[in-house]
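One structure is given below, encoded as structure tokens.
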Amino acid sequence: MNQRKILVTAALPYANGPIHLGHLVEYIQTDIWVRYQKLRGHQCLFMWADDTHGTAIMIRARKEGRSEEEVIAEANAEHQRDFAGFQIQYDNYGSTHSDENKKLCGEVWQSIRDAGLVKEKDVDQLFDTEQGTFLADRFVRGTCPECKAEDQPGDNCSKCGNTHSPAELIDPVSTLSGSTPEIRTAKHLFIELEQLHEFLEDWTQTGDHLQPEVANYLRGHFLGDPESTEGAKPLRDWDISRPSPYFGFEIPDCPGNFWYVWFDAPIGYLASTQQWCDRNGDTLDNWWRNDAAEIHHFIGKDITYFHTLFWPGMLKSAGYSLPTKVHIHGFLTVNGEKMSKSVGTAFKASTYLDHLPPAALRYYYASKLGSRLDDIDLNFDEFISKVNSDLVGKVVNLASRSAKFVKETGLSSSYPDDGGLFESAASAGNEIARAYENCDYNKAMRLILELADKANPFVENAEPWNLKKDPAKTQELQDVCTIALNLFRQLVIYLSPVLPDLVEKTGELLNEPLTHWDQSQTPLTGSPVAKFKHMMKRIEEKDVRAMEEASKIEAEQESALVENNSDQFSDSEQPMIDEPMTDECTIEDFMKVDLRVARIVNAEHVEGARKLLKLTLSLGGEHRKQVFAGIKAAYEPDQLVGRLVVMVANLKPRQMKFGLSEGMVCASGPGGEEVFLLTPDEGSKPGQRVH
RNA sequence: GGCGGUGUAGCUCAGUUGGUUAGAGCAGCGGAAUCAUAAUCCGCUUGUCGGGGGUUCGAAUCCCUCCACCGCUACCA
């Protein structure tokens, strides 16, 4: 068999947070693939690193009063500890904040410059004057310029879906300081990706580098279809620089500007390889400029864009090999719901490991993962039953029910007639191998378990426990157990990319290290058998519950921490001085006031009134109230119609100059232009009482 | 809105070069066994294959249409 040279990467974990079970889908997927390739005898390197640059790390370091270097060093240690806990094995773990990466970024940059792909443009960006930093979109909130929904993120509106630039927001607020940012113009460098359009069209659409749905997606969103009536769409320029301050590498020929983190992050794959090569007497070009070497990236669907357009473009410009394949997977949901930090379903890797064994999750993910981009669901009831019944009940059970009968004798000296069981399982190996190769782990697991389902009935029929009672049948007993243990050993080899622990223990039991796939094709004979020890623990529901509980507590503690940080919002004391607190009231007093959610169904100016608007409020159904409100200076009638407010519904009606007013709408502020109506949160209904 | 994806037993999913009564595991029910971590084995049960229409001798599979759900919609790390 010719040995392949395969270089594998997983997405680089961001140094701004802990690893959770969602990340592990990818890392376990990658690790299984790498272990599989090594088991097949190929030379396979897993090159990995932390992604360390960007605004988020910078802000965090400031908040915690320490250097970025300290923050990322801590994250690096934590990440590697978690990976070790989950038996994820890589050949090098670097950091994008390394000398190697800086040097390679410079080289790639120069080649992109030389290719004439870089141009300068001025960009308007919001600047937080208190923090002294430009604000990434996600650090700005404000009113949507389109539908006027308040408190929307900087880049698009969650209400109307409008996309806009943060600079277009009405009343933008920096989420870092709470202050109002100002618009500043800065020079940015862009890469004209469109120049590479033809190349990218070709690379993404042919050659099987991508899953078909990914190729379709790229065409639909970015590249366009040159053969359609609309033709190809131009690719937008990629904003590749960030002005100071920024945590990253300064661009050598553009002082005061830094490479955007997504420029240097993928180059981290190269840098990590460089580190490995330096240690092992190899060269970078032997892996990245060598047609005989394959390059495989494993990523989540959220970062498709960067890995399938920019990254190939960068590699192409710099004269490196292009990825052989980009393997893209879906997200993890927990019990059918999106993972949520606040609810505590974003289980941290370390929390999981406090309560449960890594093998269980590795197997569960393997049994769910296919080659497509579907999300996979972590359902704990299924998790418990699957791991227990497949691994303990079927696979390990084969050894635990037969090993002790041959502890004295060892395995038979030649492999007995098993009715073709071993042979047919051996020939199933090809299909299982293909499933691993194609990342169809769920198929591989299904095929393997089918084999286990044939092995157990064999033991059942052979009844070794009865053979043991008859001294004349010693040989038969040994033969039956030899078969059972060989079928077991075969399964373990097939499972070994997923379950490294089990492989090791099986090796000890049978006195033979299991290191190569081909061992599954030949039975083991004559080997001594060690005393059987538990190879895998059953998952108990209480352990799962304990983990869930622990995670919930962590989530609560974290949100409490965020609240304690609220002193970063330094609000003025003036309002309390202007209007001091009134006397205490009882709940009964409060309940006398009937506050209700109401919808403004009509609003109009009142002839002759300086301050008043006439509002018609609906409490649902036919319940209408007419209210005169002193908010003319602050609101236009048009902005009011349709919105929900809170009103005092049981206020005694009062005859005013312009008509009868049947209530009050609640608002804060001193008056005049500074009046702010209360708005109930999304979901409340007109007529609902406010308690 | 556009694009992509998904929709098969209570649950998780197989099943497309169109072909006999649609499959597996888990769950459920009934039995057996007692070597094994209450593990195992045998048997049984469950389906308008999202709806409708079309092509065909024949459709879960091909075409059209509708519905539902999910994701993406780039200068976000």
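Order of the sequence lines fixes the chain letters, A, B, ..., with proteins taken first and strands second; residue numbering starts at 1 for each chain.
- When heavy atoms are screened at a 4.0 angstrom cut-off, A:D302 is found touching base atoms of the nucleic acid.
- Per the geometry, CG belonging to A:L447 stands 10 Å off C1' belonging to B:A14, to the nearest Å.
- When the C1' atom is compared between B:G10 and B:C3, the two are found 34 Å apart, to the nearest whole Å.
- A cation-pi arrangement is absent between A:K407 and A:F532, since the terminal nitrogen or guanidinium carbon is not both under 6.0 Å from the aromatic centre and inside a 45° cone about the axis.
- Both A:N466 and A:K537 lie near RNA chain B, and the one whose nearest nucleotide falls closer to the 5' end is A:N466.
- A gap of 22 Å separates the P atoms of B:U46 and B:G52, to the nearest Å.
- Of the P atoms belonging to B:U55 and B:A59, the separation is 11 Å, rounded to the nearest Å.
- In this structure, CG of A:N216 is placed 7 Å from P of B:G4, rounded to the nearest angstrom.
- Remark: A:R242 is in phosphate contact with B:A77, judged by side-chain N or O atoms under 4.0 Å from OP1 or OP2.
- Contacts of A:K468 with the nucleic acid, taken as non-hydrogen atoms under 4.0 Å apart, are absent.
- Picking from B:U12, B:C70, B:A36 the nucleotide with the shortest atom distance to the side chain of A:D375 gives B:C70.
- Between A:K368 and A:D237, the residue anchored nearer the 5' end of RNA chain B, judged by the nucleotide with its closest heavy atom, is A:K368.
- Pairing of B:U46, defined by two Watson-Crick or G-U wobble distances under 3.5 Å, is not identified with any nucleotide.
- When Watson-Crick and G-U wobble pairs are counted only if both distances are under 3.5 Å, B:C41 pairs with B:G31.
- Within the nucleic acid shown, A:H53 comes within 4.0 Å of sugar-phosphate atoms alone, with no base atom in reach, counting heavy atoms only.
- Between the P atoms of B:A60 and B:G51, the separation comes to 11 Å (whole Å).
- Rounded to the nearest Å, the gap between the P atom of B:G19 and that of B:G5 is 23 Å.
- The listed nucleotides are B:C26, B:C35, B:C41; the one nearest the side chain of A:F405 is B:C35.
- Across all strands shown, A:V261 has heavy atoms under 4.0 Å from sugar-phosphate atoms exclusively, and none from any base.
- A:V396 comes within 4.0 angstrom of a base, heavy atoms only.
- Comparing the C1' positions of B:G50 and B:A9 gives a spacing of 15 Å, expressed to the nearest Å.
- The separation between A:L373 atom CG and B:C69 atom P is 21 Å, rounded to whole Å.
- If you check distances only, the side chain of A:W262 does reach the base of B:A77 with a donor-acceptor pair under 3.5 Å.
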Discussion item. Checking A:Y260 against A:H188 for the ring-ring contact (aromatic ring centres under 6.0 Å, His included) test, could you report, in this order, the C-alpha distance in whole Å, the side-chain angles of both residues, the deciding distance, and whether it holds?
Written reply: CA-CA 10 Å; A:Y260 173 48; A:H188 281 231; 9.6 Å; no
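- The main-chain N or O of A:H97 is never found under 3.5 Å from a side-chain atom of A:N101 such that the two would form a donor-acceptor pair.
- The C1' atoms of B:U34 and B:U12 are separated by 31 Å, rounded to the nearest whole Å.
- Between the side chain of A:Y364 and the backbone N or O of A:A359, no donor-acceptor pair lies under 3.5 Å.
- Residue-level contact check: A:K404 touches the backbone only, with heavy atoms under 4.0 Å from sugar-phosphate atoms and none from bases.
- Which of B:A77, B:A74, B:C42 sits closest to the side chain of A:F222 comes down to B:A74.
- The shortest distance between the side-chain N/O atoms of A:R538 and the OP1/OP2 oxygens of B:A39 is below 4.0 Å.
- The CZ-P distance, from A:R446 to B:A24, rounds to 13 Å in whole Å.
- Across every strand in view, B:A59 sits unpaired, with no contact that passes the Watson-Crick or G-U test at under 3.5 angstrom.
- Ring planes of A:F306 and A:W262: parallel class, angle under 30° (limits at 30 and 60°).
- The pairing partner recorded for B:A68 is B:U6, the criterion being a Watson-Crick or G-U wobble arrangement whose two distances lie under 3.5 angstrom.
- Here the C1' atom of nucleotide B:A77 and the NZ atom of A:K301 are 18 Å apart, to the nearest Å.
- Residue A:E192 places its CD atom among more than 12 non-hydrogen atoms of other residues, nucleotides or ligands, all under 6.0 Å distant.
- Computed from coordinates, the A:L200 CG to B:A74 P distance equals 19 Å when rounded to whole Å.
- Taking the six-membered ring for Trp and thresholds of 30 and 60 degrees, A:Y436 and A:Y441 have ring planes inclined between 30 and 60 degrees apart.
- Contact check, A:R401 against B:U37: no side-chain N or O comes under 4.0 Å of OP1 or OP2.
- Using N1 to N3 plus N6-O4 or O6-N4 for Watson-Crick, or N1-O2 and O6-N3 for G-U wobble, each under 3.5 Å, B:A36 pairs with nothing.
- In this structure, B:C11 forms a base pair with B:G25, meeting either the Watson-Crick or the G-U wobble geometry with both donor-acceptor distances under 3.5 Å.
- Rounding to whole angstrom units, CZ of residue A:F331 and P of B:G4 are separated by 19 Å.
- No contact: A:F532 has no heavy atom under 4.0 Å from any strand.
- Across all strands shown, A:I303 has heavy atoms under 4.0 Å from base atoms, whether or not it also approaches the sugar-phosphate.
- Counting heavy atoms of neighbouring residues, nucleotides and ligands inside a 6.0 Å radius, atom NZ of A:K121 exceeds 12 of them.
- Here B:U40 is the nucleotide among B:U40, B:G25, B:U37 with the atom lying nearest to any side-chain atom of A:E460.
- Relative to the six-membered ring of A:F199, A:K316 meets both conditions, a distance below 6.0 Å and an angle of at most 45° to the axis.
- In this structure, the CG atom of A:N456 is 7 Å from the P atom of B:U40, given to the nearest Å.
- Note on A:Y305: a base of the nucleic acid sits closer than 4.0 angstrom, heavy atoms only.
- Straight-line distance between the C1' atoms of B:G15 and B:C57: roughly 23 Å, to the nearest whole Å.
- Pair assignment for B:U73 gives B:G1, based on Watson-Crick or G-U wobble hydrogen-bonding distances that are each under 3.5 Å.
- In this structure, A:N397 reaches the bases: a heavy-atom distance under 4.0 Å links it to at least one base atom across the strands shown.
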